[in-house]
Amino acid sequence: PCFCPALTQLHIGTKMSDWGEKSTADLMSRYVSKDMGYGVPKEGWRICLAHEFKEKRKPFQAKDVSLSNVMEHIGLGIRYLKWWYKKTQVEKKAPFIDMFRAQPLRQIYGAPLGGIGGGTITRGWRGEFCRWQLNPGMYHYKTVPANQFTVCLRRAGQTVYQQVLSVERPPTLQGWNWGYCGEYAFYHALYPRAWTVYHLPGQDVTLTCRQVSPVIPHDYQDSSLPVAVFVWDIENKNDYDLEVSIMFTMVNGSGHKDDKSGGHWNEPFHLEKDGDAVSGVLLHHCPAVNPYTLCIAAREKADREVSHQTAFSPKGTCSALWNDLITDGRLDSPTGSSPPTAKGDKVAAALAVGCTVPAQSHNMLEFCLAWDMPKITFGSREREHIRRYTRYFGARGAASPALSHYALTHYRQWEKSIEEWQRPILQDSSLPSWYKSALFNELYFIVDGGTVWTELPEDADVSGGLRSENGGLPAQPAVIKEYGRFAYLEGQEYRMYNTYDVHFYASFALIMLWPKLALSVQYDIAGSVVQQDPTERLHLMSGRCSPVKTRNVVPHDIGDPDDEPWQRVNAYLIHDTADWKDLNLKFVLQVYRDFHLTQDRQYLQDMWPICQAVMESEMKFDLDGDGLIENSGYADQTYDGWTVTGPSAYCGGLWLASLCVMCKMAILLDNKEMYQLYRSTLDKGSTAFDKLLWNGKYYNYDSSGRDLSNSVMSDQCAGHWFLRASGLGDGEFKEKIRSALKSVYELNVMSFAGGHMGAVNGMRPEGVPDRSSVQSDEVWIGVVYGLAATMIHEGMLTEGLRTAEGCYRTVWEQLGMAFQTPEAYCEKSIYRSLAYMRPLSIWAMQLALNASQRDQTTLASTGTTDQDQAVQAQKEDQS
């Protein structure tokens, strides 16, 4: 387990709580060896392979809706059922949200393999290859038993030990030695790397497998590569030499039904370039749609022997392959390719690498797994898209050998870059260990969010022919042309790309680590803003028909991967989101936040007319002219199951923050007329906001006057959060914001689940959760991380860290949801939407910590007091 040093640098002065320390220790309680592996870092998420999670939760499904909510939404239920039946039974498609067939919780996942946007293969923490997203945005969850690493130890020419490094005992492959004792191994993840340490009982040998994926901030080339490297460090603690071989076996396919469709074939390869040689096996997978090649490869060196088995059948006992390795620690290495498989058959390949490990010494072996699916089509099959990595490795479908060679000769540089990026945070003794694990491990979703990164097609026009002089954009903005198009899902189960109300929270990871991709998304969204799709369709909540996309409003999403993203937006059809109150505002706030962090003036100039257009659309929601927008009496924002009426804390706060940044942008662009408009609206709206919503302690949920309008919403300061993230917001509302945050901490955090599960979305002032909707009594992990960031910005560091800690420990240590952080969980029994985008907002906490440290440094060097700073900030705001 990772121990947490005292938090001193930022004057926290508190140690990790007992409950937290015990929670971390429990994951390793069954580990019996004292061996801690070769080069495994101290910080990260660590778990013994024999660990069993005690709590088994169920996904939220239609049957979990309370009777009162059923009655309220009976029309929605009937319309959804009809739509679901047509989609699944008539069109034979997967619904973008499936309320009847949610994924069951499998407490098995580890760090995904691969870079950004080329597809992903996830390994479980026990070593399984178990989650696949090679077809863009479409997941299937299948463990392929034959995909394994096996170790063979030989002494004086005799095999003394041969073991599949898996704790499983599958019903197939009975000729292999399964059932490795998990109490002698542990897994350690610090994304984008992971380590598995195997102590081989009775052999005095320890194996450490280090898994490396090229996920490197501010790198837009290697970070796109669909590759992963496995480095095996072998420690021989005996007084005699050993010959050690590792065998890597892989099925041609992904456990999908098309593995048996026939026509798949394997071939060995050898590639020598620039004095370095790699060899291995190519597994050509040839379905009618999106064919690809898998590649298992190893680096050749003078003291290593690389051998292979081109093809074997992964059914039956597979004794022949096992005996081939056990005989002499190597495989037969036949030449030539295997014949194409017959329909109904599968084929697999094996690669073995051996070396001598001297007594009381160490040696290492290196493997690579690559996959090459350069051209992709989405579900509609209408257009072909080219993945980003083809810019460097070609799009002919023959890149696997070169990809493997590049990975095996460059992974050390990747690791150097990763270590340089992570080191300042990992070495910061003021930060608790759980936070360091959460910050890096939650980043998995950038890669494993059904992510695609493609080249902009030559005939693409991002704003549908509307040029800058008419309020549009260049047909091919430079940032998209140079850095490509990027899309990630709202969640693996909520299948919509770049869901914008959620991206608002998650975008901190992109803008801080791959800012060009963040700007690329913004240009795509901006181009969609100025377009329309007048096609009428039924919206499931209201039962009314309205256009798919209205001009001059921000889309909910840029489409479903089972359809044609970018071309057909707004896959979400529960509400008509043209009337949502948050989407337009979230665009404006991100534009200024992005400008603040990048200082890209061209971006600001390009986005300014789009910001004006969406703000003009938003103005119509101020029905009484008091400068404050009103919600419309339904769930018209990201909390799409929680009704809100009239001026509200959430949308009202976003509106005022947007007016504030519009004023800032107008000044920067020397537009005095627009500045005066937004400034006068801001002054009026601020007065109305205070009058209608402030109750002396916090901002009421809404101003409807109904029984629950004074609920405490954990997300009530979201607008202020973005102002602080943009270097603003240190003015007249500071004391009220701090009071509101203290109320949230006391009620939503510490009065909920003993203060151990983060912040519940809605809490009554008397200290019980607001159960008026299916979402008000949930905890949304990504919202909690944003709340924690806001607390840190406001000097409430201890409270912010404690708030976020509850979510991390619940998800990663109690519920077994590592590398599949959900959107939501309730205090008991259920969760909702595994592997979700919003928790990437943890990077907003790091931005806040960076800002706090800068402020303290400035304070120390200038001797300025908080009061001086507040007075100065107020003067700046007024100017």
Side-chain angles (χ1 to χ4, degrees), residues 59-63 73-104 119 132-142 254-261 287-291 373 375-385 449-452 454 487-499 528 532-549 555-578 640 832-835:
F60 177 88
Q61 293 189 277
K63 63 182 175 54
H73 295 121
I74 197 158
L76 167 67
I78 292 167
R79 287 185 287 273
Y80 178 84
L81 184 58
K82 284 181 179 175
W83 172 82
W84 181 89
Y85 182 84
K86 182 184 175 194
K87 179 67 72 174
T88 58
Q89 305 305 308
V90 179
E91 298 175 17
K92 303 297 183 187
K93 290 273 196 177
F96 72 92
I97 296 176
D98 196 331
M99 284 295 292
F100 299 111
R101 295 188 296 210
Q103 278 299 316
W132 306 78
Q133 186 260 143
L134 298 177
N135 280 320
M138 306 301 289
Y139 277 85
H140 75 276
Y141 304 86
K142 190 78 176 176
S254 61
H256 194 267
K257 62 185 179 183
D258 70 19
D259 291 4
K260 295 183 179 181
S261 62
V289 177
N290 294 339
M373 184 193 282
K375 298 175 182 178
I376 53 173
T377 58
F378 293 107
S380 76
R381 314 281 180 253
E382 290 172 31
R383 295 186 70 110
E384 186 174 77
H385 302 263
T451 311
V452 288
T454 64
Y488 58 161
L489 296 175
E490 179 177 336
Q492 289 179 12
E493 295 189 85
Y494 284 19
R495 214 183 53 243
M496 296 157 281
Y497 272 135
N498 293 353
T499 299
S528 177
Q532 64 180 350
D533 180 351
T535 309
E536 294 274 322
R537 69 171 177 190
L538 179 74
H539 287 93
L540 299 178
M541 182 68 80
S542 67
R544 292 192 291 270
C545 289
S546 48
V548 170
K549 170 69 175 66
H556 174 273
D557 59 83
I558 57 111
D560 177 354
D562 206 20
D563 184 30
E564 195 59 54
W566 290 296
Q567 190 169 315
R568 283 189 289 280
V569 303
N570 283 344
Y572 178 87
L573 44 67
I574 294 173
H575 294 283
D576 176 7
T577 59
D640 59 350
R832 186 166 58 77
S833 188
L834 288 171

* Counting N and O atoms only, with roles assigned by atom type, does the side chain of K92 sit under 3.5 Å from a partner on the main chain of K87, one being a donor and the other an acceptor? -> no
For this session: Could you tell me whether the side chain of Y497 and the main chain of G450 form a donor-acceptor pair under 3.5 Å?
Result: yes
Smallest heavy-atom separation, N498 atom then A487 atom, equals OD1-CA, 3.2 Å
Going by heavy atoms in the side chains, are E382 and Q567 under 4.5 Å from each other?
yes
Discussion item. Counting neighbours of NZ on K93 that are heavy atoms of other residues, nucleotides or ligands and sit closer than 6.0 Å, is the number greater than 12?
Written reply: yes
Note: E564 and S380 closest approach over all heavy atoms is OE1-OG, 2.5 Å
D576 vs S546, side-chain hydrogen bond (donor to acceptor under 3.5 Å, both in side chains): CA-CA, chis, key distance, verdict: CA-CA 7 Å; D576 176 7; S546 48; 3.1 Å; yes
*asked:* Whether the Y572 and D560 side chains hold a donor-acceptor pair (N or O, under 3.5 Å, no angle test) is what I'd like checked.
replied: no
*Examine distances only and state if a side-chain atom of R381 and a backbone atom of F378 form a donor-acceptor pair shorter than 3.5 Å.*
yes
- Distance only, no hydrogens: is a donor on one side chain within 3.5 Å (strictly under) of an acceptor on the other, for N290 and N135? yes
**Prompt:** With distance as the sole test, does D258 use its side chain to make a donor-acceptor pair with the main-chain N or O of S261 at under 3.5 Å?
**Reply:** no
Q. Got a sec: does the CZ of R383 have more than 12 other heavy atoms crowding it under 6.0 Å?
A. no
Please confirm whether the backbone N or O of G137 pairs with a side-chain atom of Q133, one donor and one acceptor, at under 3.5 Å?
yes
Ignoring hydrogens and angles, tell me if any N or O in the side chain of N570 forms a donor-acceptor pair with the backbone of H556 under 3.5 Å. yes
Is a side-chain donor or acceptor of Q532 paired with a backbone partner of K549 at a separation under 3.5 angstrom? no
* To do: Mind telling me whether H140 and H256 have parallel, tilted or perpendicular rings, with 30° and 60° as the class edges?
  => perpendicular
Review point. Are the side chain of D533 and the backbone N or O of R568 linked by a donor-acceptor pair below 3.5 Å?
Key: no
Say whether, by atom type as modelled, one donor and one acceptor occur between the side chain of E493 and the main chain of Q103 under 3.5 angstrom. yes
Heavy atoms of H539 and H575 approach each other most closely as CD2-O, 3.1 Å
#### Entry: P59 vs R832 side-chain heavy atoms within contact, under 4.5 Å
no
Correct closest heavy-atom pair for A571 and G559 would be CB-C, 4.0 Å
Exercise for review: Find out whether L540 and L573 are in side-chain contact, i.e. whether some heavy atom of one side chain is under 4.5 Å from a heavy atom of the other.
Suggested key: yes
Tell me if the centroids of the rings in Y139 and W132 come within less than 6.0 Å of each other.
no
Note: P291 and P287 closest approach over all heavy atoms is CA-CD, 3.8 Å
Inset, instruction - Ignoring hydrogens and angles, tell me if any N or O in the side chain of Y80 forms a donor-acceptor pair with the backbone of M99 under 3.5 Å. - result: yes
